[in-house]
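Order of the sequence lines sets the chain letters (A, B, ...), proteins ahead of strands, with each chain counted from 1. Note: hydrogens, waters and symmetry copies are ignored here, and every other heavy atom, side chains too, is used. Source: prediction; values computed, not measured.
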Amino acid sequence: MTEKNMAQQNNNKRKRIWSLIKNLPAYHARKSFLQALASSEVVLVVGETGCGKTTQLPQQALDVGYRSIVTTQPRRVAAISVAERVCLERGVTLGSQIGYVVRFDDKTSSETQLRYVTDGVLLREAITDPDLSRYDLIFVDEAHERSLQTDIVLGVVKRALTNRRGSLKVVVMSAFLDTDKFRSFFSSFDLSILEMEGRLYPIDIFYIKTPVEDYVEAAVVACLQIHFEESFPGDILVFLTGQEEIESAARMIKERFDNYCSYLEKNFLPCSENKHTTLYHPLRVYPLFAAMSPDAQRAALKPCRNQFRKAILATNIAETSITIPGIKYVVDCGFSKQRVVSSMKCLDALRVSPISQAQALQRAGRAGRECPGKCFRLYTKDDFDKLSIHPVPEILVSDLVSVTLQLMAMGMENPFKLELLDNPRTESFQYALEVLLSIGALDSSMKLNAIGKQMAFFPLSPMLSRSLLESITLNCSSSMLALCSILSTESVFQLSSQIRESAFQAWNKFISSLGDHFTLLQVFQSYLSIPEHERIQWCKEHYLNYRSLATANNIYCQLSQLLQQQKYSSSFMSHLYEEESEQDRLGRCLVAGFFRQSVRIGSNCQLYTLFEPLQVDIHPSSVLHRRLSSKEEGYLIYHELIWTTKPYIRTVMRVKEEWLLQHGGNCFQLES
DNA sequence: GAGCACTGC
């Protein structure tokens, strides 16, 4: 028999094993899952939220003798809460047989056989163990969300399957799956597909008859209509796109509801409490978005015991991240803010764009978790049909510098070759390689060098990693650790229009004339000097975001530990620039990581980026905004470039020309 | 003088 024939026969054998098991009730699912697992290398499980796939299937695998199982989740909270639930179901202590690992929190031990992890954690493990050899079974959950990390995990897992034929099995789980895509992605393996029945209650979906111009107005009307016409109890969840929309909708609902109530009371109702409550129930409005304080978020989630009806106005944080009890009605505006691909490199732009059908289903599903519900879509059925079925995979619109470094650290010399569900444009990878080369992570043959390996070791952006490594050489790593930590977190300055004056006054003492980097460092170092139990109060007094600072502190501790593990030899350190101030040395380190993001100050404070021919402005939130004198010359570096009404640079600092010359990766030379 | 959807190591 020829080789070709043998290959063909093997292929046929695989095809025959492939099976499709449709809509299994839960009691059948158990048997079928174990059969599928026994006969295939890859199992795709499709099932809505609540079908028990995440909690039940890994336990079944445990019961039939798999001894090292991992289940990945895109989000921390999910990994933690699922692990806790499974432990409760089995009556075992968290961290013994079953545990979880998320950043800053490892609840596993040597006896742990089933671990729930975020996919970022698994990718980090893959750097030291690219074939994931410590696991015999890997579950990848929420694959339909197509997050950057999940897509990369799927690529790495497929590679491990190929390298470890026979000793590894994979289960991909999702709510609604592009089955064909996943089937062809895993076509070289024995594959089973399992569909499990969800436990969602039926949801009636209503469309608007004619398109609306202003969906915020439409959402307000819909919300009030539901309140007055639909049965009580049952809370309302309204999906809008951002803080501004949510706040104005909240104002409008409150206003109109109050007006209507006083109109009713004046004209129809005697002032009797009883009659009052039988004719209409009170309505309370709660905003919900990520930037809110945890206290305010909790208020929106607190059950109201049917004393009034809640209307929660949320961003897509309520789509996946936060589950709100008591929701019976969903209003969906059909839009969300999404990152859009930009022709310009390293430029973020958010735009309000139509959601996908999958997202619309997800939003509607929020109405049927506890009882039959209703979903009111503020768009026509025609418009729904025109929506794309699946969301744009994140990998197609993301910056790949970090991911490329990680893949190379796993030993892939050519990350282009990793098989992925959707391949990013070649330019994205090429750009990533170009960046890595220029900041010194690659040698001239484009292979990862010692510095690059070190950079991948830290959970930081490659540019920050580069700055951190430079700071070891220049003997200022302790302050750089703090700077890296605070630069890795979201904004610490809490903006609110009412308290602007007093907030600016409170921030004044932190401000550094060099720019935002040292201002932030000043804030963080002051925060660290405050006793722990006084920190929350201190943040309140200074209008600072406690959550961000606490996260920065966690990162700071993690980075310090990692740095200690590394034990850099003294040959790594130099005595260069010893006579300079620490600030100057820190500046040099930042330039070593971020010189690609440098800007020349031209006449009249016109700013031009040096790597892309682009004129930019300093964002009004920067301490250097309007602080450059009209005759000032020189250079700046920035941490972020964002496109809103025009290109803005955010988190900006002044740098010296000689720093660019000496730490700019040989990209600069003096004009003759 | 403008405005930051959401995750993650």
Side-chain angles (χ1 to χ4, degrees), chain A residues 72-79 101-106 117-127 142 145-153 239-248 288-292 314-322 333 335-340 348-353 355 359 362 391-392 394 397-399 402-403 405-406 409 455-462 464-465 484-485 488-497 500 504 545 548 551 554-555 558-559 561-562 617-622 625-627 640-651:
Chain A
T72 70
Q73 292 287 331
R75 283 169 290 276
R76 292 167 55 93
V77 273
V101 189
V102 298
R103 191 181 192 182
F104 312 131
D105 198 2
D106 182 345
V117 304
T118 46
D119 30 30
V121 166
L122 192 72
L123 283 182
R124 207 131 271 284
E125 277 180 21
I127 290 180
E142 315 287 6
E145 285 183 21
R146 302 297 310 277
S147 80
L148 173 62
Q149 307 261 15
T150 307
D151 270 19
I152 299 290
V153 162
F239 283 101
L240 292 168
T241 70
Q243 177 170 357
E244 208 182 310
E245 276 177 21
I246 286 173
E247 281 168 355
S248 75
L288 183 66
F289 44 87
M292 279 167 44
T315 59
N316 40 7
I317 193 175
E319 228 170 69
T320 49
S321 309
I322 295 184
C333 74
F335 290 89
S336 71
K337 278 194 187 172
Q338 291 163 35
R339 195 195 303 275
V340 290
D348 270 342
L350 284 176
R351 203 158 294 160
V352 174
S353 324
I355 58 173
Q359 275 172 287
Q362 180 84 17
V392 180
E394 223 175 69
V397 288
S398 303
D399 173 296
S402 239
V403 154
L405 179 67
Q406 265 186 312
M455 279 164 55
F457 179 75
F458 293 103
L460 290 169
S461 80
L464 273 178
S465 275
C484 285
S485 311
S488 310
T489 52
E490 54 200 309
S491 170
V492 297
F493 296 109
Q494 249 164 9
L495 274 177
S496 165
S497 44
R500 275 171 57 111
F504 280 130
N545 188 336
S548 307
T551 305
N554 276 332
I555 299 175
Q558 188 191 26
L559 290 176
Q561 274 175 16
L562 290 172
D617 279 297
I618 296 180
H619 195 273
S621 65
S622 167
H625 178 71
R626 308 197 129 225
R627 293 290 177 88
E640 283 181 291
L641 178 58
I642 52 156
W643 188 292
T644 49
T645 48
K646 51 185 175 182
Y648 281 106
I649 52 175
R650 239 179 3 189
T651 315

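- When heavy atoms are screened at a 4.0 angstrom cut-off, F458(A) is found touching no nucleic acid atom at all.
- Using a 4.0 Å heavy-atom cutoff across all strands shown, T315(A) reaches sugar-phosphate atoms only and no base atom.
- Note on V352(A): nothing from the nucleic acid sits closer than 4.0 angstrom, heavy atoms only.
- The distance between atom CZ of F239(A) and atom C1' of dC6(B), rounded to the nearest whole Å, is 13 Å.
- Residue T489(A) comes nearest to S548(A) through the heavy atom pair CG2-O, 3.7 Å, listed as atom of the first residue, atom of the second, then distance.
- Under 4.0 angstrom from either OP1 or OP2 of dC9(B) there lies at least one side-chain N or O belonging to T118(A).
- We find that CG of L288(A) is positioned 13 Å from P of dA5(B), with the value rounded to whole Å.
- Around atom CD of E247(A), more than 12 heavy atoms belonging to other residues, nucleotides or ligands sit under 6.0 Å away.
- With sequence neighbours left out, Y648(A) forms a ring pair (Phe, Tyr, Trp, His ring centres under 6.0 Å) with H619(A).
- In the set dC6(B), dA5(B), dG8(B), dC6(B) carries the atom at the smallest distance from any side-chain atom of I317(A).
- Along DNA chain B, the nucleotide closest to N316(A) and the one closest to K646(A) are compared, and the more 5′ of them pairs with K646(A).
- Atom CD in Q362(A) sits about 15 Å away from atom C1' in dA5(B), given to the nearest Å.
- Qualifying side chain to side chain donor-acceptor pair (under 3.5 Å) partners for S485(A), counting only residues two or more places apart in sequence or in other chains: none.
- The distance from atom CD of Q73(A) to atom P of dC9(B) is 12 Å, rounded to the nearest whole Å.
- Rounded to whole Å, atom P of dC9(B) lies 11 Å from atom CG of N554(A).
- The residue among A291(A) and H619(A) whose nearest nucleotide of DNA chain B is located toward the 5' end is H619(A).
- R650(A) comes within contact range of at least one nucleobase, with a heavy-atom separation under 4.0 Å.
- Heavy atoms only, all atoms of each residue included: T320(A) and E145(A) are closest at CG2-OE2, 3.6 Å.
- Using a 4.0 Å heavy-atom distance criterion, S147(A) is classed as making no nucleic acid contact.
- The distance between atom CD1 of I649(A) and atom C1' of dA2(B), rounded to the nearest whole Å, is 15 Å.
- Atom pair I555(A):CD1 and dG8(B):P shows a separation of 12 Å (rounding to whole Å applied).
- Distance R76(A) CZ to dC9(B) P: 6 Å, rounded to the nearest Å.
- Closest contact between the side chain of R75(A) and the listed nucleotides dC9(B), dC6(B), dG8(B) involves dG8(B).
- At a threshold of 4.0 angstrom between heavy atoms, the contacts of R124(A) include nucleobase atoms, whether or not backbone atoms are also involved.
- The side chain of P459(A) approaches dC9(B) more closely than any other nucleotide in the set dA2(B), dC9(B), dC4(B).
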